[in-house]
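So you know, we letter chains A, B, ... as the sequences are listed, proteins then strands, and number each from 1. When reading the values below, keep in mind they use all heavy atoms of this one structure, side chains included, and skip hydrogens, waters and symmetry mates.
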There are 4 protein chains.
Amino acid sequence: MDRYVIRQRRVFHARPETAFTEFWTSVTIAAELRRLGLRVRTGPEAIDLSQVPALPGPADLAQAADRARAWGAGEDDLRAVLAGHTAVVADLEGAAPGPTVAVRVDIDALPLPESTSSGHLPAREGFAALDREAMHACGHDGHIAVGLELARRLSAGDFAGRVRLLFQPAEEGGRGARAMLGADVLAGVDRLYALHLGLGLPVGDVAAGTHGFFANSKLRAVFTGRPSHAAAAPEEGRNALLAAAQATVGLYALPRFATADTRVNVGVLHAGTAPNIVAGTAELGLELRATSGEVCDELERRARNVLTAAGAAGEVAVRIEQIGGATTARCDPAAVRTVARAVRSLPEVTGVHENYRFGASDDATLLMRAVQANGGTATYVVVGASSPAPHHSPEFDIDEACLGIAADVLERAVRGTAEDPAV
Amino acid sequence: MDRYVIRQRRVFHARPETAFTEFWTSVTIAAELRRLGLRVRTGPEAIDLSQVPALPGPADLAQAADRARAWGAGEDDLRAVLAGHTAVVADLEGAAPGPTVAVRVDIDALPLPESTSSGHLPAREGFAALDREAMHACGHDGHIAVGLELARRLSAGDFAGRVRLLFQPAEEGGRGARAMLGADVLAGVDRLYALHLGLGLPVGDVAAGTHGFFANSKLRAVFTGRPSHAAAAPEEGRNALLAAAQATVGLYALPRFATADTRVNVGVLHAGTAPNIVAGTAELGLELRATSGEVCDELERRARNVLTAAGAAGEVAVRIEQIGGATTARCDPAAVRTVARAVRSLPEVTGVHENYRFGASDDATLLMRAVQANGGTATYVVVGASSPAPHHSPEFDIDEACLGIAADVLERAVRGTAEDPAV
Amino acid sequence: MDRYVIRQRRVFHARPETAFTEFWTSVTIAAELRRLGLRVRTGPEAIDLSQVPALPGPADLAQAADRARAWGAGEDDLRAVLAGHTAVVADLEGAAPGPTVAVRVDIDALPLPESTSSGHLPAREGFAALDREAMHACGHDGHIAVGLELARRLSAGDFAGRVRLLFQPAEEGGRGARAMLGADVLAGVDRLYALHLGLGLPVGDVAAGTHGFFANSKLRAVFTGRPSHAAAAPEEGRNALLAAAQATVGLYALPRFATADTRVNVGVLHAGTAPNIVAGTAELGLELRATSGEVCDELERRARNVLTAAGAAGEVAVRIEQIGGATTARCDPAAVRTVARAVRSLPEVTGVHENYRFGASDDATLLMRAVQANGGTATYVVVGASSPAPHHSPEFDIDEACLGIAADVLERAVRGTAEDPAV
Amino acid sequence: MDRYVIRQRRVFHARPETAFTEFWTSVTIAAELRRLGLRVRTGPEAIDLSQVPALPGPADLAQAADRARAWGAGEDDLRAVLAGHTAVVADLEGAAPGPTVAVRVDIDALPLPESTSSGHLPAREGFAALDREAMHACGHDGHIAVGLELARRLSAGDFAGRVRLLFQPAEEGGRGARAMLGADVLAGVDRLYALHLGLGLPVGDVAAGTHGFFANSKLRAVFTGRPSHAAAAPEEGRNALLAAAQATVGLYALPRFATADTRVNVGVLHAGTAPNIVAGTAELGLELRATSGEVCDELERRARNVLTAAGAAGEVAVRIEQIGGATTARCDPAAVRTVARAVRSLPEVTGVHENYRFGASDDATLLMRAVQANGGTATYVVVGASSPAPHHSPEFDIDEACLGIAADVLERAVRGTAEDPAV
């Protein structure tokens with residue numbers, strides 16, 4: 001059993017694709033799900049890109065498509081996804097009546113070169129990322145594998161109700177969940193389980209419920225000044241690079257709040273073209289987070305002040321757009337109970353948490369809120385992975401023993417949902 | 001006559017290529033010079049790249065090569081230049097004995113998208129840059145055209161002595177001249193004329209000599225920190241983007257000097273990959289300039305302090321390398337006299353300057369010093385071009401009437417050099 | 001009863017004195033305690049200044065002494081305190097044997113001009129600060145009054161055991177508690193109650209125990225550069241003001257931690273003497289806080305890096321000294337129980353908290369740890385005060401109804417301590 | 001002869017008083033001039049303070065008055081000057097008709113503690129500043145002495161025309177000249193000589209004329225935010241200290257200009273009161289300079305943008321006021337000629353400059369422009385002083401041999417003015 005899930009994990013680990021360019025990833029998932037007999041939706045049926053900010057540009061999409069082809073994706077399969085429609089939704093009908101249970105996993109990688117150190121298992125065992133552009137540094141390769149394993153285990157239909165598997169792109173950056181909601185992928189869902197591996201828990205620990213989600217807001221700020229010759233006419237320039245650097249140090253100086261835990265990060269800064277030209281353009285990518293939605297809004301308001309002022313100081317125009325976000329959420333006791341019951345039946349699980357502190361963001365919160373708004377229930381499940389290095393770092397890895405545990409937990413939770421009187 | 005020089009200028013204007021990727025440019029220049037009957041050296045015979053810092057990487061070279069092919073460069077011609085050997089040196093023997101006179105023009109463009117405004121002549125007349133990657137925003141397209149026109153006028157050999165035309169790549173960034181010196185291209189040169197169009201002078205004005213060169217030093221600083229998850233473990237990160245931003249604001253705060261005019265510019269900043277990752281790497285491109293070599297050295301020393309300290313503040317490693325530079329220089333009175341005499345014989349020239357204030361940098365100064373070190377003489381000639389916008393800005397342009405004037409001035413100066421008793 | 005405590009509070013409110021200059025305050029407290037019949041220690045018997053960093057300088061002490069005289073302090077009383085020995089310790093013997101119970105209140109004000117708005121009760125009622133130098137903006141005026149009221153109520157000795165009242169100077173800045181420990185003021189103490197009014201609780205709410213103390217470290221950084229003429233020789237200067245400003249923005253950019261709540265504040269910056277002189281000296285006063293002692297140490301380590309690097313960037317010398325600090329602490333369940341029992345017997349108390357989140361720092365934590373290290377028990381009691389504005393702001397005030405409640409709580413807790421089997 | 005001028009210089013050197021507090025200085029000058037028989041104007045007759053920005057406050061004036069009394073100034077004399085009316089104007093009638101010639105010297109010191117090094121002559125010889133508040137670090141002590149020596153030499157009236165000696169306060173900061181113009185002190189003046197010692201010239205060199213004055217503008221920026229508790233409610237604060245620090249680094253990043261030499265200096269920053277309070281107020285003192293008045297105006301405009309934006313970024317109010325300034329000026333050839341003729345007749349002068357580059361600012365330029373506007377002529381005379389350290393630094397000193405030379409130059413220039421046909 002585990003050998004399938006580990007093999008899948010390694011195949012996807014070696015082929016990381018970032019938000020909305022999960023071309024090879026999505027067509028490979030869809031093919032496998034079809035092979036297992038599920039009813040599969042892809043392309044615009046699975047995701048609505050019409051409101052998505054900051055999609056990759058044509059050049060990036062084309063480069064990613066070439067890579068997907070090089071990795072063996074067929075032209076027919078690719079056609080539906082090449083604009084960025086990289087979500088996959090799969091349905092499975094049970095043998096008996098019962099609730100509709102959705103399981104959501106995310107599938108995108110991060111723009112980070114993977115460690116080549118011999119201490120890093122994927123490097124040592126030969127399944128590290130095939131190029132230096134991206135890395136599965138948040139465990140989503142494992143999420144995909146667990147999702148497929150779950151499909152494999154349930155494919156006989158020997159359960160009550162219906163199961164819907166959601167393979168979501170673009171979790172990093174917080175845009176995929178909202179776009180999938182646009183395609184109404186949660187229609188009829190009574191119960192939602194979202195999965196994450198790792199997050200500080202050791203292998204053997206499982207959290208049936210979580211709290212402490214950070215609401216977040218991701219912004220892009222584009223500074224447009226005026227280039228000039230750095231020696232012959234510096235005063236003619238309006239220095240966009242300087243404005244972006246000043247905005248950066250200003251953003252990091254936003255106050256801590258006594259009323260919520262907060263985060264500020266400027267993760268991307270690109271400016272200028274040559275040392276002897278006063279830079280006319282600059283671009284920042286940043287995010288604000290808070291454990292309270294109100295504080296996150298207030299932080300964003302202040303961040304916009306800082307960005308605007310940095311432009312005003314140097315007569316540089318600033319355009320700010322939100323490029324993603326997530327919200328806080330709460331796990332429903334009923335859903336937590338179902339998972340906790342499933343977990344307690346597993347001998348390989350040695351630690352159970354009912355209300356684990358998450359301490360990061362996930363746009364699964366938007367899906368949870370959508371299910372709850374329709375009268376359903378949801379929980380966010382964390383399966384320990386004994387990561388040797390933090391998420392989003394080049395040495396991030398998971399202990400693959402977590403994959404079987406995660407599949408066990410979710411399989412039992414799905415099968416057990418029908419028994420929950422609350423559903 | 002002028003129609004040739006204007007036509008050439010427009011052809012090169014439309015095909016801008018930046019430092020060490022002047023592939024189409026250099027093979028086109030070489031072909032035309034051979035057609036005109038000159039003895040032409042290209043590739044490693046014209047330039048030695050062994051000591052050049054920060055050459056373009058393989059991907060950039062490959063992309064530039066593809067573009068050169070798309071613009072019609074032949075594979076045979078390209079072979080010699082594709083590693084970055086984009087200099088062209090051409091010799092012409094006169095009918096009578098006399099001095100060896102070199103004329104140096106530079107050929108590279110800037111990484112700047114050209115204006116598409118209808119007020120911008122190249123856009124209106126249809127010879128603007130064929131892509132958005134680069135622009136001839138410093139008049140080097142005109143320099144090439146004047147160099148070719150000069151070859152055309154002198155190709156009959158009806159002059160005393162020898163003429164050597166130097167088409168230099170990578171003036172922007174200050175690396176081409178030093179590399180050409182490595183190929184000994186000034187061997188035997190008695191007199192050097194370096195040309196620049198524009199620089200604040202109107203059409204009709206010519207400077208036979210110049211002063212006020214800025215010595216400069218161009219640096220690249222690479223910051224290497226440690227990436228981490230911006231929400232789950234910000235304290236694990238070592239923020240290279242922040243260090244680069246702090247270094248930037250620190251560099252701009254370097255003091256003005258009472259002892260020389262100075263310049264500081266951070267023209268390039270690239271850092272980070274995603275808003276939710278503490279950025280592990282960042283890179284700055286910057287330059288320091290001063291009208292005194294000693295002050296330029298002192299500025300560079302202080303800039304290195306600022307860069308190093310910005311790293312130390314955040315436990316981010318910093319590697320600094322010099323990627324180019326130029327020096328100050330003085331024009332020899334004898335050479336200035338020859339040009340001034342030539343200029344005064346031209347009715348279209350209405351203003352003559354013998355000691356114009358340059359106010360920028362040019363690595364022609366290295367060539368001037370090399371000629372002077374061998375007992376030769378040199379001057380830096382500026383031909384007014386009535387530019388409607390500053391050099392290095394998207395609306396930069398030249399009044400094409402300057403091209404014929406520049407050819408006239410140089411032709412007469414070359415022919416008149418043999419008459420100078422000092423040579 | 002309450003009229004005494006309110007009258008006292010207003011007298012002290014009008015005469016705020018900052019850390020180690022509580023001259024009038026301390027002699028007035030001592031006189032009143034003696035009048036009430038307590039055995040009083042003042043001067044070096046109550047506090048050891050030998051290890052205290054950054055005591056006020058002679059000029060500041062002299063000015064404060066003059067003010068204390070102007071407010072009526074007698075020369076004889078002043079003599080013992082004028083070097084900064086402004087602590088008062090008072091003992092009271094009970095009629096029956098029993099534990100030694102200490103109550104600690106702090107007595108210093110903040111260097112903040114008080115609001116003159118008519119909406120501000122002290123201004124409207126005429127007991128606002130008599131000068132603009134300082135303000136009781138943290139409720140310590142109330143603490144003094146409650147301490148005196150307690151002395152008054154217990155002065156008959158009708159209780160079991162012994163009571164020791166500690167009136168501590170210099171809580172703001174975190175230096176007074178450590179210095180009082182140097183005079184061994186906790187010798188023999190079995191139980192310690194520390195009091196604070198306000199802290200976000202409304203009148204009627206009382207916290208019998210607290211958590212979430214911030215450990216903190218207060219630093220002074222002195223930058224020594226070299227002054228020079230700002231126009232004639234800016235390059236000769238080494239700009240200490242600039243280094244201090246850069247350090248400030250760097251300090252605020254220290255990362256948030258996922259492992260503890262943190263605070264960074266640069267509260268004081270003084271630099272330079274005239275606009276036309278490059279500033280040769282600058283001084284910063286700053287503090288780091290964290291809800292974990294280890295994280296506070298790590299924050300301080302990083303802050304020192306930032307300060308040192310800011311100096312190195314500009315060749316400015318930096319000297320850093322710690323000028324105060326506090327630690328975290330935990331309240332003992334036995335002590336919390338005693339207070340909770342006392343509180344529940346009071347009809348005017350409508351809300352009881354057993355583990356209130358403190359969210360700030362108090363060097364009472366050092367006293368609590370010292371009592372605990374000797375086998376005693378301690379708790380930190382908060383009595384709600386319905387403050388209309390945050391602590392440390394010019395409009396801060398307390399609802400004086402809190403004073404009687406605080407006296408009631410402490411009186412009953414003191415009397416009830418003997419009944420606690422754990423003591 | 002020289003012994004008088006040196007003695008006077010040392011007396012004033014030991015008693016430095018800064019702008020508008022030159023109480024002892026002004027009454028001592030006036031008394032000596034009266035003793036020498038000149039007609040003396042002081043107080044409001046010599047200076048109009050009604051438009052002067054940023055005069056010292058009552059406490060500073062009172063402290064300076066006490067010091068002047070301690071140094072022996074009489075109460076009667078002080079009365080006229082205690083509001084800041086510290087200018088002295090003295091007239092002398094010649095024996096024959098002729099032009100009215102004004103000589104302007106400035107009298108204020110700088111807020112800088114003087115060097116106590118044994119290598120510093122005033123320290124070694126016992127005439128260093130009597131307190132640590134201020135220092136004659138720009139040679140104005142010598143200017144006073146030369147002015148008095150001139151009065152002594154001319155007091156017999158053995159010259160043609162009239163002489164008016166102007167002893168101007170508050171040159172540093174650029175407020176005194178404008179205020180004296182308000183009292184019409186140049187009425188009837190045909191020729192003005194302004195004097196400065198030092199400025200990079202060795203003893204024996206004299207400049208009869210100067211160029212390269214920096215226009216300047218001195219600003220005060222007051223930031224008003226909102227204080228709050230740095231731990232309990234940092235988000236409630238509006239951090240004025242941070243805004244001031246950010247403004248500072250932003251101001252130093254103002255661009256260099258190709259069109260003029262510029263200077264930027266933030267010389268004073270005072271903010272905050274305690275490390276644990278988010279600072280509610282901050283104040284900057286800064287200056288902008290340029291060798292072109294237009295560029296100075298443009299720099300000031302940009303500086304105001306930076307200040308305003310720094311406030312806007314953090315929701316901190318900013319009030320900006322100009323507290324002083326100077327302009328550029330040109331020396332009249334006729335006046336330069338008179339001085340040059342005088343200088344050439346002096347054997348102790350070994351180097352004569354007719355157009356020395358000044359490289360700093362002096363509000364004497366306002367007086368020069370006022371004389372020129374009335375049809376008169378003016379020049380700015382520099383007498384070399386071999387200063388061992390830069391102006392405005394703690395080791396600044398003058399070789400006292402310069403004093404006699406300066407008196408000789410001015411005496412001969414004054415006497416020779418009548419012979420100038422242009423006057």
H391(C)/H140(C) under ring-ring contact (aromatic ring centres under 6.0 Å, His included): CA gap, chis, key distance, verdict: CA-CA 11 Å; H391(C) 290 251; H140(C) 300 189; 8.7 Å; no

Under a 4.5 Å heavy-atom cutoff, which of A282(C), A274(C), A360(C) has the most pairs with chain D? A274(C)

Between chain C and each of I323(D), N265(D), L251(D), L199(D), count heavy-atom pairs under 4.5 Å; write down the option with the most. N265(D)

Of G324(C), S361(C), A230(C), S393(C), the largest count of non-hydrogen pairs under 4.5 angstrom with chain D goes to A230(C)

Quick check on the interface: out of R226(D), E236(D), H270(D), R220(D), who has the most heavy-atom pairs with chain C under 4.5 Å? H270(D)

Do L284(D) and L307(D) have side-chain heavy atoms sitting under 4.5 Å apart? yes

Apply the test side chain to side chain donor-acceptor pair (under 3.5 Å) to residues Q168(D) and D108(D): give CA-CA distance (whole Å), side-chain angles for both, the deciding distance (0.1 Å), then the verdict. CA-CA 8 Å; Q168(D) 180 204 304; D108(D) 54 323; 5.9 Å; no

My understanding is that only one of E172(C), E300(C), E287(C) makes a salt bridge (Lys or Arg N to Asp or Glu O under 4.0 Å) with K218(C); could you say which? E287(C)

Given L219(C), V278(C), V268(C), the one with more heavy-atom pairs under 4.5 angstrom with chain D than any other is V268(C)

Selection from A233(C), S228(C), A240(C) maximising heavy-atom pairs under 4.5 Å formed with chain D: S228(C)

Which pair of non-hydrogen atoms, one from S387(D) and one from G198(D), has the smallest distance, and what is that distance? OG-CA, 4.1 Å

Of all heavy-atom pairs between V264(D) and Y252(D), which one has the smallest distance, and what is that distance? O-CE2, 3.5 Å

N239(D) versus chain C, heavy atoms under 4.5 Å apart: side chain, backbone, both or neither? side chain

Using heavy-atom distances under 4.5 Å, tell me whether L286(D) contacts chain C through its side chain, its backbone, both, or neither. backbone

Which bit of L269(C) is near chain D, if near means a heavy-atom gap under 4.5 Å: side chain, backbone, both or neither? both

Minimal heavy-atom distance between A231(C) and R263(D), with the atoms involved, is O-NE, 2.8 Å

Engaged part of Q246(D) at the chain C interface, taking heavy atoms whose separation is under 4.5 Å: both

Under a 4.5 Å heavy-atom cut-off, does chain D meet the side chain of L110(C), its backbone, both or neither? side chain

Between R67(D) and D131(D), does any side-chain N to carboxylate O distance fall below 4.0 Å? yes

What are the two closest heavy atoms between N216(D) and A326(D), and how far apart are they? OD1-N, 2.8 Å

Out of G285(D), A279(D), A271(D), which one racks up the most heavy-atom pairs below 4.5 Å with chain C? A271(D)

As an exercise: rank L241(C), T262(C), V266(C) by heavy-atom pairs under 4.5 Å with chain D and give me the winner. L241(C)

Can you label the angle between the F358(C) ring and the Y380(C) ring as parallel, tilted or perpendicular, going by 30° and 60°? perpendicular

Max heavy-atom pair count under 4.5 Å with chain C, selected residue of P234(D), G280(D), P390(D): P234(D)

Which portion of P227(C) sits near chain D, non-hydrogen atoms under 4.5 angstrom: both

So which residue, P394(C), P111(C), A244(C), G237(C), ends up with the most heavy-atom pairs under 4.5 Å with chain D? P111(C)

